[in-house]
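Taking it in order: structure first as structure tokens, then the write-up.
No hydrogens, no waters, no symmetry mates; every other heavy atom, side chains included, goes into these values.
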Amino acid sequence: MELELTGTAGATRLRLKVKAGARRNAIVGVHAGALKLSVTAAPERGKANRAVLALLAETLKLAPSDLELVAGPTSPDKTVLVPLSPSAVRERLGAG
């Protein structure tokens with residue numbers, strides 16, 4: 001399955017499927033068009049969300065503050081706004 005990226009004005013919407021409380025922080029792959037991640041942080045008081053943004057920022061070579069969680073703060077299905085073009089996101093993720 002290919003990663004679905006939605007371009008917006010100067011940015012990209014990236015859908016995520018997150019497993020919190022995992023054994024390690026990792027990008028696992030793509031599931032139903034969403035980037036699948038696992039983080040060790042527990043899903044409480046925003047810890048998992050911060051871990052997700054940190055892992056994604058490190059992978060994309062951005063600061064965590066550059067990323068914006070725009071949907072799904074309490075759900076495993078999240079959407080993040082990335083200040084890069086879809087092609088740049090795909091390239092930095094090694095997905096194309």
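- Not counting sequence neighbours, the partners of Arg15 by the salt bridge (charged side-chain N to carboxylate O under 4.0 Å, His left out) test are Glu4.
- Tested against Leu14 for a side chain to side chain contact (heavy atoms under 4.5 Å, CB included), the candidates Thr6, Leu84, Leu56, Leu81 yield a single pass: Leu56.
- Listed here is the closest heavy atom pair of Thr12 and Pro86: OG1-N, 2.9 Å.
- Shown here for Pro83 and Ala11, the closest heavy-atom pair between the two residues is CA-CB, 4.1 Å.
- Residue pairs satisfying the salt bridge (charged side-chain N to carboxylate O under 4.0 Å, His left out) criterion with at least one member in residues 36-49, sequence neighbours excluded, are listed as follows: Glu44-Lys47.
- To the nearest 0.5 angstrom, Thr59 atom OG1 is 7.5 Å from Leu37 atom CG.
- Closest approach of Lys78 and Asn49 over heavy atoms only: NZ-OD1, 2.8 Å.
- In this structure, Ala48 and Pro43 approach most closely via the heavy-atom pair CB-CA, 3.9 Å.
- Of the inter-residue distances, the one linking Asn25 atom CG with Thr40 atom OG1 reads 4.0 Å to the nearest 0.5 angstrom.
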Mind listing the side-chain donor-acceptor pairs of residues 60-76 below 3.5 Å, one per line with the distance, residues two or more places apart or on another chain?
unit_1, atom_1, unit_2, atom_2, d
Asp66, OD2, Ala63, N, 3.2
Ser75, OG, Asp77, N, 3.0
Ser75, OG, Asp77, O, 3.4

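- Interatomic distance, Ile27 CD1 to Leu55 CG, rounded to the nearest 0.5 Å: 5.0 Å.
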